[in-house]
**Student:** 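One structure, as structure tokens, below. Some questions next.
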Amino acid sequence: MAKKIQTPRGTQDILPEESYQWLYLENEIRKIFNRFDFFEIRTPVFEETELFARGVGETTDIVQKEMYTFEDRGGKSMTLRPEMTASVVRAYIQHALWNQGAVQKLSYISPMFRQERPQAGRLRQFYQFGVEILGTPGPVADVEAIALAMEIFNHLGLRNLTLRMNSVGCPKCRPNYRAVLRESLKNVKGRLCPDCQVRYDTNPLRILDCKKEICRKLTEDVPGIEDYLCEECRGHFNAVKNGLKVLEIPYTSDKRLVRGLDYYTRTAFEIVSTELGSQDAVCGGGRYDRLVFELGGPDVSGVGFAAGMERLLVIMRKNGLPLGEPPRPEVYFVSLGENAKTAVLKLAQQLRRSGFRCELDLAGRSVKAQMREANRIGALFAVIVGEDELSKNEAQVKNLENGTQTGVPFGKLPEFIRRDQ
RNA sequence: GUGGGUAUAGCUCAGUUUGGUUAGAGCGCCAGGUUGUGGCCCUGGAGGCCGUGGGUUCAAGUCCCACUACUCACCCCA
């Protein structure tokens, strides 16, 4: 028991009993991606470390303490991707995708890696689905990204989600607000939690996001950033909110919403569920108008979101929402005798080519055991072949739902099964 | 990185308080009850160095210590 090798901490196997649910989710998510005319992008699971250091931000927790970084045999520092945006932007630049159309709409469903202490809804290898819209600063793109996220959750049957909205401004107006924030917290600085006292100097916006009781109280009446946005940012934010109204997507404005990644500008949003415990965000995203340029590309804007598959699954299971059905074979071949086993091999191949999911006995078991197996895996029909059947070229086909059994000529099996199921 | 909880069969868990001969149940799995027929039922079987190491004791699944793993929470995030 003790020495068996098991999955590394914070990782999990997804076994057949569960994997069909993942396939269902991925299929449904891709359906909605398609309706919004997004195209899937796949990038390497590891990148040069520098990409994330520059892209995500040197000061973020992700870069400072959560990355899986290693040296390859050539001595280069590589990192398992902790998030997708930096990789997508890298690919966008590397392949000059702006030449393939003014706006690129890219989607993904991929594993991410962060070396954190695991807990409910937080794993070291976890799956995110998301999109990036590159090449336009227009607020409609923000609205489309948010609408797409909401549409996926809606399509999957999720209700009771809350969309939180804020703007984090731009390099022009954020410094002003930062100063306002510092000013209004000046007198209570000493009472903030130790972390926030540091944040006061390094990144005061994060104080708003602190979950500590004291800090929340002290920041309760602090002005929000909305009143201090520059004209452009205010206009953008209003346009986004208008778009949401047009689409009848409810949201709450939340001055405390300050996303943790450095690259965000203007729109920041988050979709939370009350059913996730303390890791309540199922989706987070926003606009990043400087990232492409900072990573060496043209000065174009981007907006996107990422959502957690495992967290989504948690919510769906709690709400008893449909997650697909485990596949059942149409046919289980029951054979007895060497000749029959050979014949059944061939019959199975023919039925499979007709599109049926077929199974046959690989373990050389008794007829009874084969029947039991057919029942256990939920086969619709047992097709029984022995010496008698071989001589008549006719199989005994038993409908396992209602127990009726009929003789069916080998050649007529596909049409019989198609008709009778 | 810091704290709390847990660790007995593939799974869910009894047994630990009051140490005492071969460690249990349900589910699942396998097989028999039907010389070639599933489900329900009956019968049987396989499967556990009771997380690992050490200690106390005549005797440890049970008491003590350490370690490890899992889990929940903090930080932060999807």
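Proteins get letters first, then strands, A, B, ... in listed order; numbering begins at 1 in each.
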**Student:** Within this structure, what is the CD-to-P distance between A:Glu66 and B:C75, rounded to whole angstrom?
**Tutor:** 13 Å
**Student:** Measuring only the C1' atom in each nucleotide, how far is B:U17 from B:U22? A whole number of Å is fine.
**Tutor:**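 Pairwise C1' distance, B:U17 against B:U22, rounds to 25 Å.
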**Student:** Using heavy atoms to find the nearest nucleotide of RNA chain B for A:Val282 and A:Ala120 separately, return the residue whose nucleotide is more 5′.
**Tutor:**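 By nearest-heavy-atom nucleotide position, the 5'-most residue is A:Ala120.
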**Student:** Using every non-hydrogen atom in the two residues, find where A:Arg256 and A:Arg164 come nearest and quote the distance to one decimal.
**Tutor:** C-NH2, 4.3 Å
**Student:** Taking both distances under 3.5 Å as the test for a Watson-Crick or G-U pair, what stems of at least three pairs does RNA chain B have?
**Tutor:** B:1-7 with B:68-74, B:10-13 with B:24-27, B:29-33 with B:41-45, B:51-55 with B:63-67
**Student:** May I ask you to say what A:Ala281 touches in the nucleic acid, namely base, sugar-phosphate or nothing, with a heavy-atom cut-off under 4.0 Å?
**Tutor:** sugar-phosphate
**Student:** Taking protein heavy atoms under 4.0 Å as touching, what does nucleotides 27-39 of chain B look like 5' to 3' if B marks base contact, S marks sugar-phosphate-only contact and - marks none?
**Tutor:** --SSS-B--BBBB
**Student:** Touch check for A:Leu123, heavy atoms < 4.0 angstrom, all strands: base, sugar-phosphate only, or nothing?
**Tutor:**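 Counting heavy atoms under 4.0 Å across all strands, the contact made by A:Leu123 includes a base.
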**Student:** Which class fits the ring pair A:Tyr288 and A:Tyr263: parallel under 30°, tilted 30 to 60°, perpendicular over 60°?
**Tutor:**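 Perpendicular, since the angle between the ring planes exceeds 60°.
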**Student:** Any sub-3.5 Å donor-acceptor pair from A:Arg206's side-chain atoms to A:Val258's backbone N or O?
**Tutor:** yes
**Student:** Please classify the nucleic acid contact of A:Arg9 as base, sugar-phosphate, or nothing, using heavy-atom distances under 4.0 Å.
**Tutor:** sugar-phosphate
**Student:** Which is true for A:Gln370 with a 4.0 Å heavy-atom rule: it touches a base, it touches only sugar-phosphate, or it touches nothing?
**Tutor:** nothing
**Student:** Please name the pair of heavy atoms, one in A:Arg174 and one in A:Val168, separated by the smallest distance, quoted to 0.1 Å.
**Tutor:** NE-O, 2.7 Å
**Student:** Which donor-acceptor pairs under 3.5 Å do the side chains of residues 309-318 of chain A make with protein atoms, sequence neighbours left out?
**Tutor:**
from, atom 1, to, atom 2, distance (Å)
A:Glu310, OE1, A:Tyr127, N, 3.1
A:Glu310, OE2, A:Tyr127, N, 3.1
A:Arg311, NE, A:Gly121, O, 2.6
A:Arg311, NH1, A:Ala281, O, 2.9
A:Arg311, NH2, A:Gly121, O, 3.0
A:Arg317, NE, A:Gln21, OE1, 3.3
A:Arg317, NH2, A:Glu18, OE2, 3.1
A:Arg317, NH2, A:Gln21, OE1, 2.6
A:Lys318, NZ, A:Glu275, O, 2.8

**Student:** Pairs in or reaching into residues 23-51 of chain A: which pass ring-ring contact (aromatic ring centres under 6.0 Å, His included), with residues at least two apart or in two chains?
**Tutor:**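 As it turns out, there is no ring-ring contact (aromatic ring centres under 6.0 Å, His included) pair with a partner in residues 23-51 of chain A once direct neighbours are skipped.
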**Student:** Are any non-hydrogen side-chain atoms of A:Ser354 and A:Arg418 less than 4.5 angstrom apart?
**Tutor:** yes
**Student:** Answer with base, sugar-phosphate or nothing: what part of the nucleic acid does A:Gly130 contact at a heavy-atom distance below 4.0 Å?
**Tutor:**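 Result for A:Gly130 = nothing.
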**Student:** What does the list of N/O pairs under 3.5 Å between the protein and nucleotides 41-44 of chain B look like, with a distance for each?
**Tutor:**
none

**Student:** If the cut-off is 4.0 Å, is A:Gln119 near the phosphate of B:C72, judged by side-chain N/O to OP1 or OP2?
**Tutor:** no
**Student:** Rounded to the nearest Å, what distance is computed from the CG atom of residue A:Leu313 to the C1' atom of nucleotide B:A78?
**Tutor:**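 Answer to the nearest Å: 13 Å.
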**Student:** Side chains of residues 376-385 of chain A: which donor-acceptor partners sit under 3.5 Å, not counting sequence neighbours?
**Tutor:**
from, atom 1, to, atom 2, distance (Å)
A:Arg376, NE, A:Glu373, OE1, 3.1
A:Arg376, NH2, A:Glu373, OE2, 3.2

